[in-house]
Amino acid sequence: DSGVTQTPKHLITATGQRVTLRCSPRSGDLSVYWYQQSLDQGLQFLIQYYNGEERAKGNILERFSAQQFPDLHSELNLSSLELGDSALYFCASSVDQAEAFFGQGTRLTVV
Amino acid sequence: GIQVEQSPPDLILQEGANSTLRCNFSDSVNNLQWFHQNPWGQLINLFYIPSGTKQNGRLSATTVATERYSLLYISSSQTTDSGVYFCAVTPGTGANNLFFGTGTRLTVIP
């Protein structure tokens, strides 16, 4: 158990819909990262939050957004979903640039 | 951004065999991690090894930062070692997220 909790584990939704993925980081970790793993793109960084503030953006689509709350949990919002958004979405947490630990992932299927 | 290349892309081993997986990266790094993604999709931390050598049971890893590569050794492989092994790095300057290689898919047959 990495100590990072992601919910839900699986999500099936229709095109055009909006979903919210949730992540609780390890106790004491201020940094939360979101990654997407798809068959054609591999594991790609989406966005990072540090103590409630957005710190870095990667290959995140405009239809996607995230936030980190005062209790340090984070949510990734995916809207106007397309078939190509089907992927495994991971949350990771770390103490700044130190070792990152990953949650179990949310497997999103868009039909 | 930084490039991370892993080799070989696929590896099939008989149970009990040893193997070496390689990770090359194109620039200096602050962080290097090895992960095992099991058949259920979980990313399991194996090593946090920006430099030097570490061992954990049948697994060991070595990173030579000055030559920009890392090696993961698996000895006496077991069927439960099957899965995909990823190397991921954080660049020495700029971003502090992980950049992943494309992985080595290991299949251990009984």
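Numbered from 1 within each chain, the chains take letters A, B, ... in sequence-line order. The figures here come from the full heavy-atom set of this structure, side chains too, leaving out hydrogens, waters and symmetry mates.
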Do [X] and [Y] have side-chain N/O donor and acceptor atoms under 3.5 Å apart?
| X | Y | value |
| --- | --- | --- |
| S51(B) | T63(B) | no |
| Q36(A) | Y89(A) | yes |
| N30(B) | T90(B) | no |
| E53(A) | Q68(A) | no |

How about CD1 on I44(B), more than 12 heavy atoms from neighbouring residues, nucleotides or ligands closer than 6.0 Å, or not? yes
With only heavy atoms counted, which part of N97(B) is less than 4.5 Å from chain A, the side chain, the backbone, both or neither?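 Contact with chain A is through both the backbone and side chain of N97(B).
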Heavy-atom side-chain contact between K57(A) and Q48(A) under 4.5 Å: no
Does anything in residues 47-111 of chain A form a disulfide (SG to SG under 2.5 Å)? List the pairs, not counting sequence neighbours.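 Non-adjacent pairs meeting disulfide (SG to SG under 2.5 Å): C23(A)-C91(A).
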Between R22(B) and E5(B), is there a side-chain N and carboxylate O pair less than 4.0 Å apart? no
Give the member of G103(A), G58(A), A98(A) that has the highest number of heavy-atom pairs under 4.5 Å with chain B.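 Of G103(A), G58(A), A98(A), A98(A) has the most heavy-atom pairs under 4.5 Å with chain B.
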Side chain from CB out, backbone as N, CA, C, O: work out which of these in [X] comes under 4.5 Å of a heavy atom of chain B, or both, or neither.
| X | answer |
| --- | --- |
| L88(A) | side chain |
| Y33(A) | side chain |
| Q44(A) | neither |

Members of residues 98-110 of chain B whose heavy atoms come closer than 4.5 Å to chain A: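 Contacts with chain A: L98(B), F100(B).
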